[in-house]
Amino acid sequence: MIIAVEYHIFRRMENENSGKVMVRTRFAPSPTGYMHIGNLRTALYAYLTAKRDGGKFILRIEDTDSKRTVEDSVEVIYSSLKLAGIEYDEGPVVGGVYGPYIQSERREIYAKYINELLGSGKAFRCFCTKEELEKEKEEFSKMFPDKPFRDKCREMTNEEVSRKLSDGISFVVRQRIPEAGSTTFHDMVFGSITVENNTLDEQVLLKADGLPTYNFANVVDDHLMEITHVIRGYEYLSSAPKYNLLYESFGWNIPEYIHLPHILREDGKKLSKREGDASFQDLIDLGYLPSAVINYIAMLGWNPGTEEEFFTLDDLVQKFTPERINKSNAIFTYSKLTWLNNLHIKAMPFEEFHKKASECYSDDLKAKVDTEMVSRLIQERLETFRQIPEKTEFFVKVPPYDKELYTHKKMKSDPDSAKVMLEKMIPYFESIGDWNNETVFGALQELIQSEGCKAGTVLWPARIALSGVSATPGGASEIAHVIGKEETMRRIKEAVEFLK
RNA sequence: GGUCACAUAGUCUAGAGGUCAGGACGCGUGGAUUUCAUCCACGAGACUGAGGUUCGAGCCCUCAUGUGAUCACCA
């Protein structure tokens, strides 16, 4: 503890005297094949915390559970980070001087530190089986409900240990927790938290298979990789005192902790793969832009203190401050994400938008019309890329529709007046030589003038006749321009027949 | 159940003892519009409760309630 305090003072002095300590943060996921937005946000905040200070962001794969690791699931991590634009300075593939960055490749490193702890008595071997331990624990808590259960193996003599060892009995290594006193740790978002040592369990550090547990590997690696800010989910908050005790046992400096509240779904439960909750990749497949998702999740638990809400990743690097992270859990909802997505779509350079939108256009659409014009019409009004087919299919073919669509009170239009207007429209359109939005609109204006009617009385039925739907990107003349003169004439005549 | 944490409208949030409790999404109304959307204007909607401290409490304290996390040889 004293060492830790000294280190903080030392570091603060260093910072003040310009000999600035490089901020190093890490994202340490276990490969489960599923990157939910909570994980992504943890990565994002870790990245931002490093980058805003010109520090380094490290990726470390925590795959110490051989049963759980799924093949290819590391790929999900790489591709998600790449898609999100979160680049790591050190990690698998890119390498770095603190490597390897995959825990399963670091096995031999941990043995040394386990032995150190065993030697100093800060850890002990436990030869009990899981079942034995559970039974003992149950009996103990019946007899002494107020006392913390402590494994008998912690009192074992060296002789006993050697005997069991030579008998080849398998064991785990557990952390020895002081019997009395309390442990205090500091978290940048939650402040100082103190817990009584007797409420802490003597967690396993090394499993029977010789692999370290997450809890142990994490501390060792964070230290060896010189991580200055440990940014992770709130679920580790209650383990933090145990980590602190571990750091102290080694005499290592304690990093800055930043625990993040959870992102929950609408029913207040955790996001889960099993329940089919959207992963980052799912959101992308649903037609959301990575930049919009990043923007949205950044704001779920953090705000810049101003009323700005639109941010790119670069903006966030400039404006992010870990001090402004919230303490309470947040609920993920689509409505605001969708709104932000529209903002990000509108902010895209047209060429980029058109390229991406083109992936969503049907072959029929591409064959029949100039999709660049379509892109210009829809960019402003698109909420997600998923909406493209439904918003553009009428360009290819007028869907079956109800005559009542021609009825619009404000436009002073109904099926009868519509029929008349559409018939009168035909000669105006026929006479247009250079067919485009302006000339078509001009022709419609002429008709309106000669009829002396409300604009809508002409424009409304024209749009319905050309599209067959109540809401379209662009008005009548814009649609006419896109589908061309021939198709326009055909649709108008078809509508007149339909209305007879 | 033990321990730890959190608590402002449906949702995300601002608020560092004195503000008509601010903003955004969503919702509603009206205007405008080449429909819808955008846009503009307006509107409904919140400090979990009870005590205390204080001249004054959303902010500090206590208790209650609710929610979450943790109590694995999972991470």
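Order of the sequence lines sets the chain letters (A, B, ...), proteins ahead of strands, with each chain counted from 1. Hydrogens, waters and symmetry mates are skipped; everything else that's a heavy atom, side chains included, is used.
A:Tyr234 comes within contact range of at least one nucleobase, with a heavy-atom separation under 4.0 Å. Residue contacts shown for A:Ala330 are limited to sugar-phosphate atoms, with no base heavy atom under 4.0 Å away. If you check every strand for non-hydrogen atoms under 4.0 Å, A:Arg174 touches sugar and phosphate atoms only. A:Arg324 comes within contact range of the sugar-phosphate backbone alone, with a heavy-atom separation under 4.0 Å but no base atom that close. Residue-level contact check: A:Asn437 touches the bases, meaning some heavy atom is under 4.0 Å from a base atom. Across all strands, A:Thr333 comes closer than 4.0 Å only to sugar-phosphate atoms, never to a base (heavy-atom distances). Nucleic acid contact class of A:Glu380 (heavy atoms, under 4.0 Å, all strands): none.
To the nearest angstrom, P of B:rU38 lies 22 Å from CZ of A:Arg376. Atom CZ in A:Phe149 sits about 11 Å away from atom P in B:rA72, given to the nearest Å. Following rounding to the nearest Å, A:Ile325 (CD1) and B:rA5 (P) show an atom-to-atom distance of 19 Å. Separating the CD atom of A:Gln103 from the C1' atom of B:rA75 is a distance of 9 Å, rounded to the nearest angstrom. The CD-C1' distance, from A:Glu307 to B:rG23, rounds to 4 Å in whole Å. As rounded to whole Å, 14 Å separates atom C1' of B:rA75 from atom CG of A:Asp209. Taking atom CG of A:Leu377 as the reference point, atom C1' of B:rC36 lies 13 Å away to the nearest angstrom. Protein atom CG of A:Leu211 is 20 Å distant from nucleotide atom P of B:rA72, rounded to whole Å.
Comparing B:rA75, B:rA5, B:rA37 by their nearest atom to the side chain of A:Asn215 picks out B:rA75. Listed candidates were B:rG68, B:rA75, B:rC36. Nearest to the side chain of A:Ala471 is B:rC36. Comparing B:rC4, B:rC73, B:rA72 by their closest approach to the side chain of A:Lys137 singles out B:rA72. In this structure, of B:rU35, B:rC73, B:rU34, it is B:rC73 that holds the atom nearest to the side chain of A:Val204. Nearest to the side chain of A:Trp460, among B:rU35, B:rA69, B:rC4, sits B:rU35. Here the side chain of A:Ser328 is nearest to one of B:rU35, B:rC6, B:rG68, namely B:rC6. Of the candidate nucleotides B:rG26, B:rU34, B:rU70, B:rG26 has the atom nearest to the side chain of A:Ser335. Considering only the side chain of A:Ala208, B:rC73 comes nearest among B:rC4, B:rC73, B:rU11.
A cation-pi contact, defined as under 6.0 Å to the ring centre and within 45° of the axis, links A:Lys403 to A:Phe498. A cation-pi geometry, defined here as NZ or CZ lying under 6.0 Å from the six-membered ring centre and within 45° of its normal, does not hold between A:Lys164 and A:Phe171.
A stacking contact links A:Phe441 to B:rU34: the aromatic ring centre lies within less than 5.5 Å of the base's six-membered ring centre, and the planes differ by less than 30°.
Contact annotation: A:Lys346 side-chain N/O to B:rA37 OP1/OP2 distance is not under 4.0 Å. OP1 or OP2 of B:rG68 lies within a sub-4.0 Å distance of a side-chain N or O belonging to A:Lys269. Regarding contacts with the backbone of B:rA14, a side-chain N or O of A:Asn326 is found under 4.0 angstrom from either OP1 or OP2. Look at A:Thr64 and you'll find a side-chain N or O under 4.0 angstrom from OP1 or OP2 of B:rA75. For B:rA14, the OP1/OP2 oxygens have a side-chain nitrogen or oxygen of A:Asn303 closer than 4.0 Å.
Salt bridge annotation for A:Glu275-A:Lys269: absent, with no cationic side-chain nitrogen under 4.0 angstrom from a carboxylate oxygen. Note on A:Lys270 versus A:Asp277: no salt bridge recorded, every NZ/NE/NH1/NH2 to OD/OE distance being 4.0 Å or above. The residues A:Glu134 and A:Lys130 are annotated as not salt-bridged, no charged nitrogen and carboxylate oxygen being separated by less than 4.0 angstrom.
Between the side chains of A:Thr338 and A:Asn341, not a single donor N or O lies within less than 3.5 Å of an accepting N or O.
Heavy atoms of other residues, nucleotides or ligands lying less than 6.0 angstrom from CZ of A:Arg324 number more than 12. Atom CD of A:Gln449 sits in a sparse spot, with 12 or fewer heavy atoms from other residues, nucleotides or ligands closer than 6.0 Å.
When Watson-Crick and G-U wobble pairs are counted only if both distances are under 3.5 Å, B:rU54 pairs with no nucleotide at all. Nucleotide B:rU67 forms a Watson-Crick or G-U wobble pair with B:rA5, both donor-acceptor distances falling under 3.5 Å. Pairing partner, B:rG43: B:rC27, with both Watson-Crick or wobble hydrogen-bond distances short of 3.5 Å.
Put simply, the side chain of A:Lys410 and the base of B:rU35 share no donor and acceptor less than 3.5 Å apart. The base of B:rA75 lies close enough to the side chain of A:Tyr236 for a donor and an acceptor atom to sit less than 3.5 Å apart. Counting atom types as modelled, A:Ser477 pairs a side-chain N or O with a base atom of B:rU34 as donor and acceptor under 3.5 Å.
Residue A:Gly305 is the one, among A:Gly456 and A:Gly305, whose nearest nucleotide of RNA chain B lies closer to the 5' end (criterion: closest heavy atom). Mapping A:Glu383 and A:Tyr296 onto RNA chain B by nearest heavy atom places A:Tyr296 at the nucleotide closer to the 5' end.
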